[in-house]
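I have placed the structure first, in the form of C-alpha cells, so that the comments after it can refer back to it.
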Amino acid sequence: MYTAHPDRYADLPYRRSGRSGLKLPVLSLGLWHNFGPDRPVETQRAILRRAFDLGITHFDLANNYGPPPGAAESALGEALKADFTPYRDELVISTKAGYLMWPGPYGEWGSRKSVLSSLDQSLTRMGLDHVDIFYSHRFDPETPLEETMGALHSAVQQGKALYVGVSNYSAEQTREAARILGELGTPLLIHQPRYSMLDRRPEDQGLLDTLDELRVGSIVYSPLEQGLLTGRYLDGIPEDSRAASDSPFLKSDAVTEDLVGRLRALNEIAASRGQTLAQMALAWVLRGGRVTSALVGASSTKQLEDSVGAIRSLEFNEDDMARIDAVVQT
C-alpha cells in the first residue's frame with residue numbers, strides 16, 4: 001500500500017495559473033510518452049508515486065496518448081485506483097480532445113460531438129467522474145470556434161471538468177477563445193504551447209504577451225525539445241534514443257553536426273551554472289515567472305529527480321542569457 005511522503009509540499013514551488021485560484025507546481029508530469037503497454041507497469045507506477053512524493057501534483061494527458069491511443073489514460077486509471085484514491089483531491093488531472101482518436105469524422109478536431117464524446121471516453125478510461133482541466137488540443141479551422149468553446153463550457157456545466165484550456169492555438173485564436181469563453185461564463189484558465197530554448201515561437205509570435213495581457217496561465221510542453229536538451233545527444237545519436245527510432249517527433253536527420261555543436265555549447269553553460277543541460281533548459285522556460293508550469297516526461301524515477309533539480313536555480317543573469325542566445329540564435 002502506497003503512502004505519500006509527508007513532506008511532499010516542502011520544496012517544489014507553486015504558481016497561480018493566470019488570474020484563477022488554481023496553483024500548479026512549476027513542474028508537472030506529462031504522460032505523452034512512457035505510459036502504455038510497451039512499458040513495465042511497475043516502472044510507470046513508480047514514476048507517478050515518485051512525482052507525487054516530490055510535490056508534482058499535476059498529471060497531464062490527452063485522449064490519444066499512448067501508444068496505442070488511450071493507453072496512457074488507462075494506465076493512469078489503474079494507478080489512481082491502486083495508489084492515489086486517498087489523494088484525489090490533492091491531484092490536478094488534465095486531458096485533451098482534438099487529435100485523431102477513433103475512425104470517422106467525429107474522431108478528431110473540435111466539433112461538439114467529438115469534444116464531448118472524447119471527454120466521456122477519457123473519464124471512463126481513467127475511472128473518474130471529472131477532470132480538473134479539459135483542453136481543446138488544437139484549433140479546428142472548419143468548426144466555428146463558438147462551437148468548440150461551447151463544448152468546453154458544457155463540460156464544466158455538466159460537472160465533468162473544473163477548468164478549461166487550449167493547446168496549440170495562436171495568439172489571435174487564443175484571444176478569441178478567451179473572449180467567447182468569458183461571455184459564456186467559463187474563463188480560459190490556461191494555454192499549453194510548445195516552448196523551449198530551441199523553439200521560441202511563443203515569444204516570437206506574441207503568444208506569451210497575449211497570455212500576460214489576458215491574465216491566462218501557461219504550461220509548456222517539450223521544454224527539453226523531445227530529448228535534445230537532456231544531454232543524450234552531445235556525442236551524436238544514441239542507438240536507444242528517440243531520434244534513432246521511427247519516432248515522428250524527432251527525426252535522425254534533425255540531429256546535424258551544427259546542432260550537436262550547439263548542444264555541447266549549451267551544456268558548457270549549464271555546467272558553469274552547476275546544472276545539467278536538462279535542468280538549465282527547464283529553468284530557462286520557467287525564468288521570470290511568465291510560465292506557470294513546465295511539463296516533463298520521465299522514463300525512470302532517476303530522470304524525474306534530475307528534472308526536479310532544476311528548481312535549485314531558476315534565475316538567469318544577463319551574461320547567462322546572452323551566452324545562451326548567442327548559441328541558439330546565431
Side-chain angles (χ1 to χ4, degrees), residues 13 15 26-28 30 32 167-168 170-171 174 191-213 217-238 241-244 247 249-298 303-330:
R15 292 177 178 175
V26 294
L27 296 176
S28 298
W32 184 10
S167 180
N168 300 305
S170 71
T174 300
H191 188 296
Q192 188 174 130
R194 180 168 180 156
Y195 182 46
S196 75
M197 286 193 295
L198 300 179
D199 185 349
R200 303 189 179 192
R201 284 174 292 178
E203 289 181 11
D204 298 339
Q205 298 175 4
L207 178 61
L208 294 185
D209 290 338
T210 297
L211 297 178
D212 287 344
E213 179 187 338
S218 59
I219 178 168
V220 301
Y221 73 92
S222 292
L224 302 181
E225 203 60 32
Q226 292 297 313
L228 287 175
L229 293 170
T230 62
R232 295 202 68 201
Y233 295 88
L234 298 178
D235 295 312
I237 301 175
S241 67
R242 190 166 295 160
S247 170
F249 306 110
L250 181 60
K251 300 293 187 181
S252 59
D253 58 8
V255 187
T256 63
E257 287 187 16
D258 176 71
L259 176 60
V260 171
R262 292 170 188 261
L263 296 178
R264 289 173 178 166
L266 290 172
N267 189 59
E268 291 177 5
I269 299 171
S272 72
R273 288 170 48 85
Q275 294 178 306
T276 66
L277 178 55
Q279 289 169 347
M280 185 177 77
L282 292 170
W284 187 89
V285 298
L286 291 167
R287 74 197 188 284
R290 294 187 85 184
V291 167
T292 310
S293 183
L295 282 165
V296 295
Q303 189 178 68
L304 181 67
E305 290 163 358
D306 180 76
S307 294
V308 172
I311 68 172
R312 291 192 289 269
S313 183
L314 293 178
E315 299 304 322
F316 290 77
N317 59 39
E318 291 183 3
D319 182 59
D320 286 340
M321 291 297 293
R323 292 168 66 198
I324 291 169
D325 288 347
V327 171
V328 174
Q329 297 181 338
T330 55

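What you see below is based on every heavy atom in this structure, not just the backbone, and it leaves out hydrogens, waters and symmetry mates. Everything numeric here is computed off the predicted structure, so don't read it as measured data.
Interatomic distance, CG of L229 versus OG of S196, reported as 5.5 Å (0.5 Å rounding). With values rounded to the nearest 0.5 angstrom, E268 atom CD is found 9.5 Å from L234 atom CG. Interatomic distance, CD of Q275 versus CG of D306, reported as 10.0 Å (0.5 Å rounding). Between atom CG of residue L263 and atom CE of residue M197 there is a gap of 8.5 Å, rounded to the nearest 0.5 Å. Considering CG of L198 and CG of L259, their distance stands at 6.5 Å, rounded to 0.5 Å. In this structure, the separation between CG on D199 and OG on S222 is 8.5 Å, given to the nearest 0.5 Å.
When side chains are defined from C-beta on, L277 does not count as touching T230, because their heavy atoms never get closer than 4.5 Å. Side chains of P202 and V220 form no contact here, defined as non-hydrogen atoms less than 4.5 Å apart. Considering only heavy atoms from C-beta on, L286 comes within 4.5 Å of L27 through its side chain. Considering only heavy atoms from C-beta on, T276 stays 4.5 Å or farther from M280 through its side chain. Counting heavy atoms from C-beta outward, I311 and P13 have side chains that approach closer than 4.5 Å.
Between D320 and R287 there is no salt bridge, since no side-chain N of the basic residue sits under 4.0 Å from a carboxylate O of the acidic one.
F316 does not carry R323 over the face of its six-membered ring by the limits of under 6.0 Å from the centre and within 45° of the normal.
A tilted orientation is assigned to the rings of W284 and Y195, their planes being inclined by 30° to 60°.
Of the possible donor and acceptor atoms, none in the side chain of R15 sits under 3.5 Å from a partner among the backbone N and O of S293. In this structure a side-chain-to-backbone donor-acceptor pair under 3.5 Å is missing from S28 to L295.
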Salt bridge (charged side-chain N to carboxylate O under 4.0 Å, His left out), that's the test. Do E225 and R194 meet it? Break it down for me. CA-CA 9 Å; E225 203 60 32; R194 180 168 180 156; 2.7 Å; yes

Under the side chain to side chain contact (heavy atoms under 4.5 Å, CB included) rule, what do Q192 and S218 come out as? Steps first, then yes or no, please. CA-CA 6 Å; Q192 188 174 130; S218 59; over 6 Å; no

Please test L228 against R262 for side chain to side chain contact (heavy atoms under 4.5 Å, CB included), starting from the C-alpha separation and ending with a verdict. CA-CA 11 Å; L228 287 175; R262 292 170 188 261; over 6 Å; no

R312 vs Q279, test: side chain to side chain contact (heavy atoms under 4.5 Å, CB included). Steps then yes/no. CA-CA 9 Å; R312 291 192 289 269; Q279 289 169 347; 3.9 Å; yes

Would you check, one step at a time, whether the test salt bridge (charged side-chain N to carboxylate O under 4.0 Å, His left out) holds for D209 with R290? CA-CA 9 Å; D209 290 338; R290 294 187 85 184; 2.8 Å; yes

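For T210 and T174, the side-chain atoms include no donor-acceptor pair closer than 3.5 Å.
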